[in-house]
Amino acid sequence: MKEATNAAAAPDLSLIKEELVQSPGRTAMRNFFGRKLSVAGMALFIFIFVACFGLSFILPIDFNYTDSTRMNLPPDMSYLSIPRALSNNFYTMDFGSTFGVGIDGNGALHAWGTRHPRIKSDMPANMGELRLVAAGFDHVVAVGVDGRVHAWGNNRLGIIDVAESLRGRNIVDVQAGYQVTAALDDQGMIHFWGNENIFRFRPGDNQGNFQDFAINISTVIALTKDANVVALAEAGSMFAAVPSRVNGRAIGVASTDQVAAALLNDGSLVTWGNDYNPAAVVPQEIQGRIREIQGGRAHFTALLDDGSLFAWGDNMFGQLRSPSGSGFSAFFTDYYQNAAIDSRGRLVTWGQRGYLMGTDQWGRDVFTRVVYGGRISLTVGFISVIISGIIGIIIGGLSGYYGGKVDMFLMRVAEVISSIPFFPLAIILASVLANRVPETGRIVMIMVILGVLNWPYLARLTRGQILSEKENEFVTAAQAMGVRERVIIFKHILLNVLQVILVNLTLSMAACILLESSLSFLGFGVIEPTPTWGNMLAKCVDSIVIRTYWWRWVFPAAVLGLAVISINTMGDGLRDAIDPKSNDR
């Protein structure tokens with residue numbers, strides 16, 4: 001019986017012995033991973049860190065990008081969510097700014113996506129069978145087989161008040177733009193209604209001689225019956241100077257907001273307008289092969305002679321990722337959305353599907369800016385901690401090891417640095433250097449200021465730990481062996497107190513992120529258009545924004561809060577793990 005008892009106790013004894021020979025670091029790590037809250041905080045911080053730094057190299061961003069058709073849009077990913085009923089029985093369609101409308105084979109209208117509540121709520125009942133439809137910024141125009149024109153949506157500036165000149169006309173094409181609408185009848189006349197303050201419509205002597213047209217944000221590019229191209233704009237417009245080589249040879253027209261295009265009878269394309277825009281450069285491999293051309297806000301899509309699709313221009317929302325293969329019979333391009341009918345009669349879509357976190361007051365994607373803002377905020381916090389850590393460890397190590405006058409001098413310096421208020425100094429420097437230092441210099445300046453002003457506490461902590469450790473026998477032995485003092489300080493002693501220092505650095509990183517965000521929030525840190533979590537929140541202090549455009553402040557605030565909480569939780573877990581009093585043995 002006694003032998004059985006001893007045998008049963010043997011495993012417990014071996015576990016005790018194993019624990020006695022464990023290194024302090026291994027014991028601390030075991031204690032840390034035994035705390036679920038600390039592990040969850042570490043996992044959350046790693047996720048935020050990887051997301052901000054990983055996605056920032058994938059997601060395209062233009063800090064100076066603005067789009068009046070994208071301002072203050074709520075989170076929505078349904079811009080390309082075409083109803084199944086339309087996909088299986090398709091006739092025609094068009095895309096608006098953040099929605100789409102289509103007509104099925106029975107002449108019924110379908111709508112998807114969101115932009116304005118009136119798009120769906122104000123849709124007229126009993127329109128009958130439809131044959132034409134056009135979607136604009138926040139309004140829709142449809143034409144029935146009976147010739148009636150229906151318009152609904154936002155009615156500012158009369159954009160849904162159908163032009164009186166359309167009465168009794170047979171409409172063959174209708175297009176809607178930003179606060180404007182234009183329609184072409186079978187007599188070659190283009191009818192226009194909407195905001196005349198931003199749109200230049202000057203048909204001149206060509207009225208009655210049009211066979212096709214394309215509408216953009218500022219004017220109409222029209223094709224005449226004698227194969228000439230004219231811009232219905234004032235002489236000073238960038239679209240007015242139509243290249244002479246297109247006259248007598250044009251068979252189609254298209255336009256983006258910055259570039260107009262004319263398709264010639266030999267399958268080639270001629271562009272004009274803003275020559276520096278990417279859409280103005282037609283790829284040479286498709287010249288002579290183009291059968292049809294359409295334009296969105298910032299890109300062109302072409303149907304080639306073999307039935308394949310090709311897109312070029314701006315690709316911020318993936319609008320150039322046209323499907324591969326051939327046999328496409330029709331396609332539709334507008335704004336940043338695209339759709340096409342493949343050889344099997346299926347409807348495929350590509351381009352902008354929506355905004356995961358909505359847009360801000362300039363039409364910029366909040367999700368993309370949160371990712372890039374996180375990269376800057378985390379970088380500032382990380383580099384600041386490295387700077388303060390290097391200074392604090394060196395000064396604390398020298399002060400604790402040598403003591404005496406060295407200790408007295410270095411600690412008085414630490415007290416002087418501690419007395420310097422961070423925000424007044426940072427605000428003064430930001431104000432003085434605002435117009436002299438580029439944005440990168442401001443970011444570096446903030447990191448240096450944070451690092452230089454945050455080392456005193458770490459220096460005192462390091463000093464106290466080294467004062468305790470330097471009395472141990474291994475230090476005396478190293479001194480007796482003639483080991484150099486800097487090796488004793490930074491290799492032997494420092495390694496024994498490194499865990500405590502790491503805990504302090506972890507908690508300091510959260511503080512630095514908050515300080516940078518606070519400084520940017522006040523307008524003295526990183527300034528727009530470069531995003532950080534702080535300056536994103538700074539634009540949301542208005543009560544209207546807080547109440548109406550909640551996504552502009554909820555998502556940056558949530559990510560900032562989660563990042564700081566996860567770092568603090570991880571730091572608290574490390575502190576408890578290396579504290580012997582917290583080990584329940």
Side-chain angles (χ1 to χ4, degrees), residues 92-94 131-132 134 170-175 177 182-191 201-216 219-233 237-273 275 277 279-296 299-313 322 326-334 338-341:
T92 188
M93 68 185 303
D94 192 22
R131 59 184 178 86
L132 295 174
N170 181 26
I171 306 301
V172 298
D173 189 16
V174 61
Q175 297 183 27
L184 174 66
D185 64 24
D186 59 354
Q187 300 299 313
M189 298 184 64
I190 295 179
H191 307 265
F201 182 74
R202 305 290 187 272
D205 297 335
N206 289 297
Q207 190 69 283
N209 190 34
F210 299 118
Q211 63 168 321
D212 192 13
F213 74 99
I215 194 170
N216 59 33
T219 190
V220 168
I221 309 299
L223 173 66
T224 64
K225 295 179 181 179
D226 50 3
N228 293 328
V229 176
V230 293
L232 310 187
S237 170
M238 63 180 175
F239 297 110
V242 180
S244 59
R245 64 181 182 276
V246 308
N247 292 329
R249 301 172 57 196
I251 60 174
V253 290
S255 181
T256 69
D257 288 347
Q258 297 288 320
V259 179
L263 177 61
L264 306 186
N265 52 16
D266 61 356
S268 62
L269 195 69
V270 177
T271 62
W272 69 98
D275 296 334
N277 192 280
V281 183
V282 184
Q284 288 299 316
E285 60 266 29
I286 68 171
Q287 286 286 27
R289 300 176 53 202
I290 303 174
R291 197 167 71 196
E292 186 180 348
I293 181 74
Q294 293 183 26
H299 76 290
F300 286 112
T301 304
L303 179 64
L304 305 184
D305 52 9
D306 61 353
S308 62
L309 296 169
F310 193 96
W312 71 97
S322 54
S326 58
F328 291 94
S329 57
F331 72 102
F332 306 90
T333 293
D334 207 344
N338 307 267
I341 306 296

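A distance of 6.5 Å separates CD1 of Ile251 from CG of Asn265, quoted to the nearest 0.5 Å. To the nearest 0.5 Å, atoms CG (Leu309) and OG (Ser326) are separated by 10.0 Å. Here the CD-OG1 distance, from Gln294 to Thr301, works out to 7.5 Å after rounding to the nearest 0.5 Å. Here CG of Leu304 is found 9.0 Å from CD1 of Ile293. Values are rounded to the nearest 0.5 Å. Rounding to the nearest 0.5 angstrom, the gap separating the CD atom in Gln187 from the CD atom in Gln207 is 11.5 Å. Here the OG1 atom belonging to Thr333 is positioned 4.0 Å from the CG atom belonging to Asn338, to the nearest 0.5 angstrom.
Heavy atoms only, all atoms of each residue included: Val270 and Pro243 are closest at CG1-CG, 3.8 Å. Of all non-hydrogen atoms in Ala302 and Ile290, the two that sit nearest each other are CB-CG2, 4.0 Å. Annotation for Ile221 and Ala231: closest pair CD1-CB, 3.9 Å, computed over non-hydrogen atoms. Shortest non-hydrogen contact noted between Phe328 and Ala340 is CD2-CB, 3.8 Å. For the pair Ala250 and Val229, the tightest heavy-atom approach, listed with the atom from each and the gap, is CB-CG2, 3.5 Å. Across Ile171 and Ala183, no two heavy atoms sit closer than the pair CG2-CB, 4.1 Å.
Considering only heavy atoms from C-beta on, Phe201 comes within 4.5 Å of Ile190 through its side chain. In this structure, Trp272 and Val242 have side chains that are in contact, with non-hydrogen atoms separated by less than 4.5 Å. Side-chain contact between Arg289 and Ser308 is present, with at least one heavy-atom pair separated by less than 4.5 Å. Residues Gln175 and Asp334 fail the side-chain proximity criterion, which asks for heavy atoms closer than 4.5 Å. Side-chain contact check for Phe239 versus Ser255: some heavy-atom pair is nearer than 4.5 Å. Val246 has its side chain within reach of Leu264: a pair of non-hydrogen atoms, C-beta onward, lies under 4.5 Å apart. Proximity of Phe210 to Asp173: side-chain heavy atoms (C-beta onward) are nowhere separated by under 4.5 Å.
Checked against the 6.0 Å centroid threshold, Phe300 and Trp312 count as a close aromatic pair.
Annotation: side chain to side chain donor-acceptor pair (under 3.5 Å) contacts of Asn206 (sequence neighbours excluded): none. Not counting sequence neighbours, Arg291 has no partner by the salt bridge (charged side-chain N to carboxylate O under 4.0 Å, His left out) test.
The list of salt bridge (charged side-chain N to carboxylate O under 4.0 Å, His left out) pairs with a residue in residues 240-250, not counting sequence neighbours, reads Arg249-Asp266.
Judged purely by atom type and a 3.5 angstrom limit, Gln287 uses its side chain to pair as donor or acceptor with the backbone of Leu269. Of the possible donor and acceptor atoms, one in the side chain of Asn228 sits under 3.5 Å from a partner among the backbone N and O of Gly248. Under the 3.5 Å distance criterion, the side-chain polar atoms of Gln258 are left unmatched by any main-chain donor or acceptor of Asn277. Judged by distance alone, the side chain of Glu292 and the main-chain N or O of Leu303 form no donor-acceptor pair under 3.5 Å.
Crowding of Asn170 atom CG: a count of heavy atoms from other residues, nucleotides or ligands under 6.0 Å exceeding 12.
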